[in-house]
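Just so you know, these numbers use all the heavy atoms, side chains as well, and skip hydrogens, waters and symmetry mates. Each chain gets a letter, A, B and so on, in the order the sequences are listed, and its residues count up from 1.
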Amino acid sequence: MRIVNDIAVELATYLEEDVADVVMNLSSPPRPEMGDVAFPCFRLAKRFRKSPQDIANDLKTRFETEERDAAVELLAKIERIETAGGYLNFFIKRDYLARSIIRESIEGGDRPGTSSEGEGKTVIVEYSSPNIAKPFHVGHGFSTFLGEAVANLYEYGGYNVERFNHLGDYGTQFGKLIVAWKLWGDADALQESPIDELTRIYVKFHDVAENNPELENEARAAFGRLEQGGKDELALWQQFRDVSLREFNRIYERLGIHFDNTNGESFYSPMIPAVVDELKEKNLLIESEGAQVVDLEEFGLNPCLILKSDGSTIYASRDIASILYRKREYEFYKNIYVVGIPQKNHFNQVFAVMEKMGFPNPESNMHVAFGTVKFADGAFSTRTGNVIILEDLLDTSVAKTRAIIEENNPTMESVEIDDIAEKIGVGAVRYTFLRNGRERDIVFSWEDVLDFEGESAPYLLYTVTRCASLERRAPESLLERVQQIGDEELELLVSDDEQELLKEISRFPASVISARESHEPSVMMRQVMTIARAFNAFYHNAHILRAENEALGAARLVLAQVVGRTISAGLRIAGIEPVERM
RNA sequence: GGGCAUAUAGCUCAGUUGGAUAGAGCAACAGCCUUCUAAGCUGUCGGUCGUAGGUUCGAGUCCUACUAUGCUCGCCA
């Protein structure tokens with residue numbers, strides 16, 4: 001709400017403080033009957049040597065008697081000012097509040113609260129990053145959904161976003177796969193169901209290696225040959241990579257996610273010698289137990305391993321190479337890694353090495369960490385097959401959605417149901433990963449993911465369909481009136497329900513900014529949920545198409561449209577596609 | 001043992017740079033479909049904010065210690 005800023009400007013003038021500082025202190029009272037905007041005066045008590053209550057009273061008087069034009073103009077929009085226990089509470093005129101919030105929201109069109117703050121700035125978001133030859137389970141889903149939402153949040157702020165999928169396509173694990181394939185591989189099975197076959201031999205490798213430790217050495221040797229460009233190894237690696245990528249792309253297609261860059265670890269590996277040279281040149285590399293490390297004691301971290309004792313590379317060296325490459329090619333403003341919490345230490349080390357190398361703005365590299373998806377009795381494990389494949393979860397969710405739609409809409413055509421069930425079912429899964437703070441672990445439960453009541457994506461989508469349905473059913477004359485809605489009509493939205501809803505709508509843009517700055521889509525998600533709840537209460541209590549008079553009906557329909565557009569915008573940022581009916 | 005997280009209602013979680021009577025959803029219970037979609041709405045029940053100190057006019061929020069849990073601590077990623 002712009003008037004909040006106007007109030008802050010006045011207060012700042014009276015108190016001779018920065019407007020920004022005053023804005024920070026303004027808040028909303030806990031209950032609507034206490035006002036719309038609150039200013040706590042406690043911290044001013046020392047400065048003025050008065051009680052907060054007295055200061056609040058002085059400010060109230062000052063507001064009410066000030067004769068400057070700006071102040072008079074502002075006061076005209078304020079119903080009254082009250083003081084209560086050290087708080088200065090402003091009651092904004094309801095008609096003004098209704099008109100200004102709706103106008104402000106309409107200005108944003110389908111993207112309310114969008115901005116151009118990021119113009120000319122490139123942000124790299126690395127996310128998803130599955131490992132070749134391993135199943136795409138719901139743990140990868142977390143990175144995929146969170147990363148996409150973070151990328152969307154930056155785009156919404158006008159940034160140029162580069163979506164990176166840092167494929168895990170290199171490392172000792174491929175040595176293991178190569179060895180395992182030569183021992184037990186089945187070419188037909190690989191064509192039939194590549195990930196299953198690769199997982200099978202990978203699991204078998206670990207089983208057998210437990211009693212035959214020399215297999216591990218063979219695997220390391222095989223990876224060494226791969227890195228040296230060995231023909232056999234390279235051909236196998238390429239094949240494993242191709243078949244895996246085919247499966248991953250099917251999932252990304254379904255999710256509507258498109259990466260700008262899918263260079264995996266293998267892409268950066270050849271750049272490592274240059275990194276090693278640079279580290280040597282800067283005297284940062286020291287030998288330790290046969291390996292090459294960078295000491296990070298000054299950062300309170302353990303040494304970062306750059307080259308293993310056999311001279312082959314490791315993930316830290318690949319990540320360092322990738323940062324240098326990205327800076328060179330993209331001149332990024334931020335380089336964001338959406339990777340699980342367990343790798344926090346790793347990224348701290350890598351970023352510390354960057355700082356030691358004299359990398360400009362080392363804090364532009366950041367780790368956006370997220371919690372672990374696990375079962376009640378422990379973490380997922382590919383080796384034991386104790387995982388939930390993301391596609392299975394999506395299919396189950398879509399199937400359940402379909403059953404509900406069929407029950408509620410006996411006449412709906414099958415193709416339409418397919419389309420809607422897919423969007424809602426997938427949306428419900430995505431929402432599960434975005435609803436809470438990202439660093440929280442998720443204990444997987446079918447029951448929770450498939451609960452479509454209360455705080456859920458279907459609830460939000462249902463609210464959107466209610467708004468859409470109103471528009472479909474509205475008579476032509478009302479729609480025309482809505483097209484050219486006037487201030488005098490919008491000013492009719494003064495009931496408690498309407499005012500509450502309006503205030504929640506007005507908070508959406510700030511929630512998007514906050515979500516972006518903290519890389520927490522949940523912040524925006526919650527605001528959207530609050531708007532939906534407020535709308536559903538309003539919808540239940542008030543008639544819209546059958547309002548007391550047409551002017552009020554038109555205003556309420558505009559309100560419903562604004563709600564629909566705002567929730568839809570939030571859903572799209574979350575990667576969830578709104579539907580018209582369900 | 002060192003480091004980093006986390007601890008709020010029976011369960012899953014919010015709680016804005018420290019501010020007014022700590023909030024949602026689920027579960028349980030009681031209501032609301034002849035009325036714009038009941039995947040909805042309303043109400044009831046439910047809390048020593050892990051424990052103990054400290055800072056402050058004021059602490060769920062900041063500091064210290066402790067307890068519990070999780071992650072991590074070079075040749076996997």
Inset, instruction - Mind checking A/Ala468 for me? I need base, sugar-phosphate or nothing, with any heavy atom below 4.0 Å counting as a touch. - result: nothing
Inset, instruction - Ignoring the backbone of A/Ile544, work out which of B/C36, B/C75, B/C76 is nearest its side chain. - result: B/C36
Legend entry - NZ/NE/NH1/NH2 to OD/OE distance under 4.0 Å, A/Glu455 and A/Arg533: yes
Inset, instruction - Please evaluate the base of B/A39 for a donor-acceptor partner in the side chain of A/Tyr462 within a cut-off of under 3.5 Å? - result: no
Legend entry - Minimum-distance nucleotide to A/Ile314 side chain [options: B/C75, B/A20, B/C26]: B/C75
Inset, instruction - With pairs defined as Watson-Crick or G-U wobble and both distances under 3.5 angstrom, please note down RNA chain B as a dot-bracket string, | for pairing with another strand. - result: (((((((..((((.....[...)))).(((((.......))))).....(((((..]....))))))))))))....
Legend entry - Contact pattern, 5' to 3', of nucleotides 9-14 of chain B - B, S or - by protein heavy atom under 4.0 Å: ----SS
Inset, instruction - Can you sort out the partners of A/Glu17 under salt bridge (Lys or Arg N to Asp or Glu O under 4.0 Å), two or more places apart, ordered by chain and number? - result: A/Arg43, A/Arg47
Legend entry - Contact list for RNA chain B against residues 527-538 of chain A - heavy-atom distance below 4.0 Å: A/Arg533, A/Asn536, A/Ala537
Inset, instruction - Provide the distance between the two P atoms, one in B/A24 and one in B/A39, to the nearest whole Å. - result: 23 Å
Inset, instruction - Quick one: label A/Pro29 by what it contacts on the DNA or RNA (base, sugar-phosphate, nothing), any heavy atom closer than 4.0 Å. - result: base
Legend entry - Short side-chain donor-acceptor distance under 3.5 Å, A/Asn536 and A/Thr463: yes
Legend entry - Those residues that, when tested against A/Asn409, pass side chain to side chain contact (heavy atoms under 4.5 Å, CB included) (two or more places apart): A/Ile405, A/Met412
Inset, instruction - Using the C1' atoms only, state how far B/A68 lies from B/U16, rounded to an integer number of Å. - result: 29 Å
Inset, instruction - Rounded to whole angstrom, note down the P distance from B/G47 over to B/A22. - result: 13 Å
Inset, instruction - Just grab all the ring pair (Phe, Tyr, Trp, His ring centres under 6.0 Å) pairs involving residues 28-51 of chain A, residues at least two apart or on different chains. - result: A/Phe42-A/Tyr87
Inset, instruction - Name the nucleic acid region contacted by A/Ser288, choosing base, sugar-phosphate or nothing; use a 4.0 angstrom heavy-atom cut-off, strictly under. - result: base
Inset, instruction - Check A/Tyr337, A/Phe347, A/Phe351, A/Tyr127 against A/His367 for a ring pair (Phe, Tyr, Trp, His ring centres under 6.0 Å) and give me the one that passes. - result: A/Phe347
Inset, instruction - Report yes or no: is there a donor-acceptor pair, N or O only, under 3.5 Å between the side chain of A/Ser309 and the base of B/C75? - result: yes
Inset, instruction - Taking only the side-chain heavy atoms of A/His543 (C-beta and beyond), determine which of B/U35, B/G74, B/C41 contains the nearest atom. - result: B/U35
Legend entry - Residues touching RNA chain B, which here means a heavy atom under 4.0 Å, drawn from residues 507-522 of chain A: none
Legend entry - salt bridge (Lys or Arg N to Asp or Glu O under 4.0 Å) partners of A/Glu453, counting only residues at least two apart: none
Legend entry - Partners meeting salt bridge (Lys or Arg N to Asp or Glu O under 4.0 Å) with A/Arg220 (sequence neighbours left out): none
Legend entry - Nearest-angstrom distance, C1' atom, B/C76 to B/C63: 39 Å
Legend entry - Separation of B/U16 P from A/Asn25 CG (nearest whole Å): 14 Å
Legend entry - ring pair (Phe, Tyr, Trp, His ring centres under 6.0 Å) partners of A/His543, counting only residues at least two apart: none
Legend entry - Of the listed nucleotides B/A38, B/A77, B/C36, the one nearest the side chain of A/Leu545: B/C36
Inset, instruction - Would you indicate what A/Glu447 reaches in the nucleic acid, counting non-hydrogen atoms under 4.0 angstrom: base, sugar-phosphate, or nothing? - result: nothing
Legend entry - Residues forming a salt bridge (Lys or Arg N to Asp or Glu O under 4.0 Å) with A/Lys308, sequence neighbours excluded: none
Inset, instruction - Specify the residues of residues 338-352 of chain A, ordered by number, for which at least one heavy atom lies under 4.0 angstrom from an atom of RNA chain B. - result: A/Pro342, A/Gln343, A/Asn345
